[in-house]
Amino acid sequence: MSGSSPRHIENLALVGFMGTGKSSVGRVVAQMLHYQFMDTDELLEARAGKSIARIFAEEGEPAFREMERALVSEMTEWKRRVIATGGGLPAGPSNLTSLRTHALLVCLWASPEAIWQRVQNQTHRPLLQDPDPLNQIRTLPEQRAPFYRQADVLINSGIRSVREVAQQVVHQFHLACTPVSRGEGSH
Ligand code: S3P
């Protein structure tokens with residue numbers, strides 16, 4: 001664990017590549033914890049008044065990344081929220097450091113094949129509107145692995161149902177929020 005800011009885990013952030021189930025798992029986890037569910041892509045679409053695909057097409061990816069960065073900086077005020085983050089958000093400079101100050105970071109991951117199964121019929125992700133989307137699914141997660149690996153917990157979501165993954169996430173969250181016992185007699 002790195003970073004010098006004090007850490008108060010008030011929220012839970014799900015990070016990971018597209019199609020690993022962050023939003024579906026996040027909704028279930030939020031219900032289980034009685035927390036509010038937030039999805040960064042949905043929030044940014046609502047703010048911009050257009051889809052992510054249109055933000056990329058009309059304003060460019062750097063503008064989208066700046067919107068993500070600004071949103072992340074607002075999250076330091078959030079409490080009792082489950083945050084599903086866009087797949088590229090952890091790669092933004094300082095985003096992970098900021099998230100870590102207030103949220104437990106849980107990374108969902110899955111094999112390229114499992115991701116492909118989930119996303120192949122979807123058209124709303126601009127980075128997969130590529131002549132070779134499977135190649136993107138193989139190379140982009142590798143490039144981002146140094147960021148994803150900084151999460152507190154990594155869970156393979158490709159081999160489990162949404163509910164099973166959600167249960168694991170909640171279990172890890174409770175572990176992280178439980179004060180470490182100092183043992184009997186150590187006063
Ligand atoms: C992106 C992932 C998308 C969305 C945008 C860019 C990425 O979010 O933020 O299309 O860079 O991996 P999901 O991970 O929710 O699909």
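Electrostatic pairing of Glu113 and Arg118 does not count as a salt bridge here, judged by no charged N lying under 4.0 Å from a carboxylate O. A salt bridge is absent between Arg47 and Glu42: the closest approach of a Lys/Arg side-chain nitrogen to an acidic carboxylate oxygen does not fall below 4.0 angstrom. The pair Arg65-Glu61 counts as a salt bridge, with a side-chain nitrogen and a carboxylate oxygen less than 4.0 angstrom apart.
Put simply, the side chain of Arg80 reaches to within 4.5 Å of the side chain of Tyr35, judged on heavy atoms. With contacts defined as side-chain heavy-atom distances shorter than 4.5 Å, the pair Ser157/Trp109 does not qualify. Under the 4.5 Å side-chain criterion, counting only non-hydrogen atoms from C-beta, Leu12 is not in contact with Ile83. Phe64 places none of its side-chain heavy atoms less than 4.5 Å from the side chain of Pro126. Proximity of Met18 to Leu128: side-chain heavy atoms (C-beta onward) are separated by under 4.5 Å at one or more points. Taking 4.5 Å as the limit, every side-chain heavy atom of Phe173 sits out of range of all side-chain heavy atoms of Val106. Side-chain atoms of Ile159 and Asn156, non-hydrogen and from C-beta on, do get closer than 4.5 Å to each other.
Checking side-chain atoms of Thr40 against main-chain N and O of Gly86 turns up a donor-acceptor pair under 3.5 Å. Between the Glu10 side chain and the Ala103 main chain, no donor and acceptor come within less than 3.5 Å of each other. For Gln136 (side chain) and Asp130 (main-chain N/O), no donor-acceptor pair under 3.5 Å exists by modelled atom type. Although no hydrogens or angles enter the test, the distance criterion places no donor-acceptor pair under 3.5 Å between the side chain of Arg69 and the main chain of Gly92. For the pair Asn95 (side chain) and Leu89 (backbone), a donor-acceptor distance under 3.5 Å is present. Using a distance-only test at 3.5 Å, with no hydrogens or angles considered, a donor-acceptor pair links the side chain of Asn11 to the main chain of Arg81. When atom types are taken as modelled, the side chain of Glu164 and the backbone of Ser161 share a donor-acceptor pair closer than 3.5 angstrom. At least one donor-acceptor pair under 3.5 Å links the side chain of Asp152 to the backbone N or O of Leu105. A donor-acceptor pair under 3.5 Å links the side-chain atoms of Arg100 to the main chain of Gln150, judged by distance alone. Proximity of a side-chain donor or acceptor of Ser98 to a complementary backbone N or O of Ser73 within less than 3.5 Å is not detected.
Following chains of ILVMFWY side-chain contacts shorter than 4.5 Å, one cannot reach Val162 starting from Ile115, and the two form parts of different hydrophobic clusters. Following chains of ILVMFWY side-chain contacts shorter than 4.5 Å, one can reach Val153 starting from Leu108, so the two form part of one hydrophobic cluster. Hydrophobic clustering (ILVMFWY, side-chain heavy atoms < 4.5 Å, transitive): Leu140 and Ile52 are in one cluster. Cluster membership check: Val25 shares its hydrophobic cluster with Leu33, using side-chain heavy-atom separations under 4.5 Å among Ile, Leu, Val, Met, Phe, Trp and Tyr. Val82 and Met38 fall into different hydrophobic clusters, where Ile, Leu, Val, Met, Phe, Trp and Tyr side chains are chained together by heavy-atom contacts under 4.5 Å.
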Next on the checklist: Before you tell me yes or no, could you show the steps for Arg160 and Ile155 under side-chain contact (heavy atoms from CB on, under 4.5 Å), namely the whole-Å CA-CA distance, both residues' side-chain angles and the distance that decides it to 0.1 Å?
Outcome noted: CA-CA 10 Å; Arg160 298 180 174 93; Ile155 298 176; 4.2 Å; yes

Next on the checklist: Checking Leu71 against Met67 for the side-chain contact (heavy atoms from CB on, under 4.5 Å) test, could you report, in this order, the C-alpha distance in whole Å, the side-chain angles of both residues, the deciding distance, and whether it holds?
Outcome noted: CA-CA 6 Å; Leu71 179 59; Met67 291 169 71; over 6 Å; no

Item to check | CA sep, side-chain torsions, deciding dist, call: Arg144, Phe17, side-chain contact (heavy atoms from CB on, under 4.5 Å) | outcome: CA-CA 9 Å; Arg144 293 173 177 171; Phe17 196 64; 3.5 Å; yes

Checklist entry - Taking it one step at a time, do Lys50 and Glu59 satisfy side-chain contact (heavy atoms from CB on, under 4.5 Å)? => result CA-CA 11 Å; Lys50 51 183 147 183; Glu59 300 177 40; 2.9 Å; yes

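In this structure, CD on Glu68 lies 9.5 Å from CD1 on Ile55, to the nearest 0.5 angstrom. Put simply, OG on Ser111 and CD on Gln117 are 9.0 Å apart, with the number rounded to the nearest 0.5 Å. Note that the CE atom of Met32 and the CZ atom of Arg27 stand 15.5 Å from one another [nearest 0.5 Å]. The distance from the CG atom of Leu104 to the NE2 atom of His174 is 11.5 Å, given to the nearest 0.5 Å. Here the NE2 atom belonging to His171 is positioned 11.0 Å from the CD atom belonging to Gln167, to the nearest 0.5 angstrom.
Here the shortest heavy-atom pairing between Val15 and Ala151 reads CG2-CB, 4.3 Å. Among all heavy-atom pairs drawn from Ala176 and Ile9, the shortest one is CB-CD1, 4.3 Å. Residues Ala30 and Phe37 approach most closely at CB-CB, 3.7 Å, considering heavy atoms. When all heavy atoms of His102 and Thr76 are compared, the pair lying nearest together is CD2-CA, 3.7 Å. Contact record, Gly16 with Cys107: CA-SG, 4.1 Å, taken as the closest heavy-atom pair. Across every non-hydrogen atom of Arg163 and Val28, the tightest pair is NH2-CG1, 3.7 Å.
In the displayed structure, Glu77 atom CD is contacted under 6.0 Å by at most 12 heavy atoms of other residues, nucleotides or ligands.
Each of Asp41, Asp39, Thr85 was evaluated against Ser23; a single residue qualifies, Asp39, per the side-chain hydrogen bond (donor to acceptor under 3.5 Å, both in side chains) test.
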